[in-house]
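This one's a predicted model, so the numbers in the text were calculated from it and none came from an experiment. The chain is numbered in sequence order, starting from 1.
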Amino acid sequence: MAGNSDPLTPRAKLAVTAGKAVAAASRAAGRGSGSVIGGRVALKLDPDLLHRLAGHLDVTLVSATNGKTTTTRLIAEALKAAGPVVSNALGANMPAGITSALAAGEDARYGVIEVDEKYLVGVAQATEPKCIALLNLSRDQLDRAAETRMLAEAWREGLAGSKAVIVANADDPLVVWAASSSPNVIWVAAGQMWKDDAWSCPSCGGVMQRPGDDWFCGECGFRRPTPSWALSGDHVLDPHGSAWPIHLQLPGRANKANAASSAAVAAVFGVPPQVALERMYQVQAVAGRYDVVQFQGRDLRLLLAKNPAGWLETFSLIDPPPTPVILSVNARSADGTDTSWLWDVDYTRLTGHPICVIGDRKLDLAVRLEVANQQFQVCENLDQAVQMSPPGRIEVIANYTAFQDLRRRVGN
C-alpha cells in the first residue's frame with residue numbers, strides 16, 4: 001500500500017542532501033546522531049518530504065507508551081526475510097527523526113517506523129502505512145503528552161476509516177477503544193501487567209470489570225474483543241491455533257508480548273510466524289537496553305524504565321535478591337519534568353536488594369524509597385554507586401535521559 005511512488009522532486013533531493021549534511025556536521029561536532037536536526041532542516045526545505053520518502057515503501061508504524069523501540073526492532077528483523085528494510089532503529093520517533101531515517105531507505109522495500117504516541121496520527125497521514133501496531137497506553141510525560149484517555153481519543157478519531165491493517169493489543173482497553181474506529185483490526189492477546197490507567201471505561205467513563213484476564217464495562221457493554229493471535233507462555237498462537245516457540249535473547253515477559261505482536265505484523269506482509277520468530281532471535285539489545293557492560297571491573301546490565309508501567313515490567317526481570325540495584329532518575333524535558341509518577345511505582349518489589357540512588361532527581365527517589373521502607377544509599381554518581389554496591393552483577397535501571405547519561409559514562 002505504498003503511497004506516491006514517483007521519484008523525488010529536485011526540491012526533495014535538495015532537502016535530503018541538506019539534511020544529511022547537517023546531520024553529518026552534528027555528528028562531527030559530537031552533538032549526537034544528528035538525525036533530529038537533519039530531519040528538521042530537510043522538512044523546512046520540503047514540508048511534504050516525509051510523504052515523498054515513504055512513497056515507495058510498505059510502511060509499518062509502531063506506537064505505544066512502552067515497548068515500541070523493541071517491537072520496531074523485532075518487526076524490522078522479521079521483515080528482512082521478505083526484503084530490504086529501513087527503520088528508525090535509534091528511536092528518533094518524531095517527524096524530524098523519522099524523516100532522517102527514511103532518507104536512508106531509497107533501496108528499501110519496507111519501512112518499519114517507531115512513532116511517538118502524540119505524533120502517530122500525523123505520521124500515519126503522511127506515510128499511508130500498510131500496517132499500524134498499537135501496543136499499550138499508560139501515563140507518561142503528562143506535562144507533554146496529556147492524559148491517556150485524551151491520547152486514545154486522538155488515535156480513535158485520527159485512525160477512523162484508516163486503510164491500514166491495525167494490529168492492536170486486545171488486553172489494553174484504551175488501545176481497543178482507540179483501534180475500534182478502524183475497519184480492519186487484528187487483535188493480539190499480548191497481556192497487560194500495568195492496569196492502573198484502565199479501570200474506567202474509555203467509552204462511557206463507567207467502572208471497568210476485570211475478572212482474570214478478561215475485561216468489560218458493566219454500564220455500556222464495551223468489552224475485550226476476541227483475539228486471533230495470542231501469547232501463551234513461551235509460544236505465539238496464530239489464528240489457526242498453531243503454537244510457535246519464542247526464542248529471544250531479550251529478557252522478560254514483556255518482550256515475549258512484543259514478539260507476539262511482531263509476529264502478527266509480519267504475517268500481514270506474508271512472513272510466516274516460524275520465520276519471523278526465528279529472525280527475532282538475532283536481536284541481542286535495543287539501543288543499549290539490556291546490554292551488559294564492564295565498568296570499574298564490574299558487570300552492569302543497563303535497563304530502561306521510563307514510567308510506572310515500564311518500572312513494573314523491569315522489576316519482573318531483574319535477578320533476585322541480593323543482586324545489587326542502581327536506580328537513576330532525571331526530570332529533563334525529554335523525560336517529563338513532573339516526577340509525581342514515582343509514587344505510582346511499587347518499590348516494595350525491590351525488598352532485599354541493596355539499592356544505590358543517583359541522577360538529577362535522586363532525592364525525590366530517595367523520599368519515595370524511604371516511604372516504601374527500602375534500604376538504600378544516595379550516591380553522587382555512577383562511579384560511587386558501583387563502588388558502594390556489594391559483589392555480583394549490578395542491575396542498573398534508569399529513565400530516559402538518565403539512561404543516556406549512563407551509556408555515555410560507560411562508553412556504550
Side-chain angles (χ1 to χ4, degrees), residues 64-68 116-118 135-152 172-175 191-202 205 207-208 210 215 252-254 289 302-318 321 323-380 385 395-406:
T65 307
N66 294 295
K68 54 184 175 288
D116 179 274
E117 307 93 285
K118 190 175 177 181
L135 310 179
N136 52 69
L137 276 175
S138 65
R139 75 192 78 159
D140 183 47
Q141 299 187 38
L142 293 182
D143 54 317
R144 182 186 73 82
E147 289 287 350
T148 52
R149 168 64 172 69
M150 295 172 67
L151 267 176
D172 187 329
L174 286 161
V175 165
Q192 186 186 34
M193 220 174 143
W194 173 262
K195 298 181 173 66
D196 284 7
D197 290 307
W199 286 107
S200 63
C201 176
V207 177
M208 196 74 75
R210 304 200 68 147
W215 57 262
R253 185 205 172 279
R289 301 159 206 206
L302 306 182
L303 301 167
L304 177 70
K306 300 182 291 184
N307 47 50
W311 285 74
L312 180 63
E313 293 282 6
T314 301
F315 291 161
S316 72
L317 61 84
I318 63 175
T323 300
V325 174
I326 296 174
L327 306 178
S328 184
V329 170
N330 291 343
R332 302 171 192 168
S333 59
D335 306 301
T337 55
D338 180 358
T339 58
S340 62
W341 60 269
L342 291 171
W343 294 88
D344 297 321
V345 179
D346 182 9
Y347 287 102
T348 62
R349 290 173 174 260
L350 294 178
T351 299
H353 290 276
I355 303 170
C356 287
V357 179
I358 60 174
D360 296 350
R361 303 303 283 269
K362 55 183 176 286
L363 297 183
D364 291 4
L365 184 51
V367 171
R368 178 68 187 93
L369 292 172
E370 184 77 32
V371 172
N373 294 314
Q374 297 302 297
Q375 300 297 314
F376 64 92
Q377 300 178 83
V378 177
C379 300
E380 285 304 310
E395 306 280 20
V396 184
I397 307 172
N399 71 339
Y400 183 71
T401 64
F403 186 82
Q404 305 307 327
D405 289 348
L406 290 168

**Q** Heavy-atom distance under 4.5 Å between the side chains of Ile318 and His353, does that happen here?
**A** yes
**Q** Apply salt bridge (Lys or Arg N to Asp or Glu O under 4.0 Å) to Arg149 and list each qualifying residue two or more places apart in sequence or on a separate chain.
**A** Glu153
**Q** Does OH in Tyr347 sit with more than 12 non-hydrogen atoms of other residues, nucleotides or ligands closer than 6.0 Å?
**A** yes
**Q** Please round to the nearest 0.5 Å and tell me the distance separating atom CD of Gln377 and atom CD1 of Ile326.
**A** 10.5 Å
**Q** Can you check whether Pro324's main-chain N or O pairs, donor with acceptor, with Glu395's side chain at less than 3.5 Å?
**A** no
**Q** So which heavy atom on Val357 is nearest to which on Phe376, and how close?
**A** CG2-CD1, 4.2 Å
**Q** Heavy-atom distance under 4.5 Å between the side chains of Gln192 and Pro173, does that happen here?
**A** yes
**Q** Determine the sole option in Ile355, Val345, Asp364 for which the side-chain contact (heavy atoms from CB on, under 4.5 Å) test with Leu369 is passed.
**A** Ile355
**Q** Just verifying a value: how many Å separate Ile397 CD1 and Leu304 CG, rounded to the nearest 0.5 Å?
**A** 10.5 Å
**Q** In this structure, which one of Asp405, Asn399, Thr337 forms a side chain to side chain donor-acceptor pair (under 3.5 Å) with Arg332?
**A** Asp405
**Q** Is the side chain of Asn136 donor-acceptor paired with the backbone N or O of Thr65 at a distance under 3.5 Å, no angle test?
**A** yes
**Q** Any donor-acceptor pair under 3.5 Å linking the side-chain atoms of Trp341 with those of Asp338?
**A** no
**Q** Quick one: CH2 on Trp311 to CG on Leu350, what's the gap to the nearest 0.5 Å?
**A** 8.0 Å
**Q** Return yes if some donor-acceptor pair links the side-chain N/O of Arg368 with the main-chain N/O of Leu342 below 3.5 Å, else return no.
**A** yes
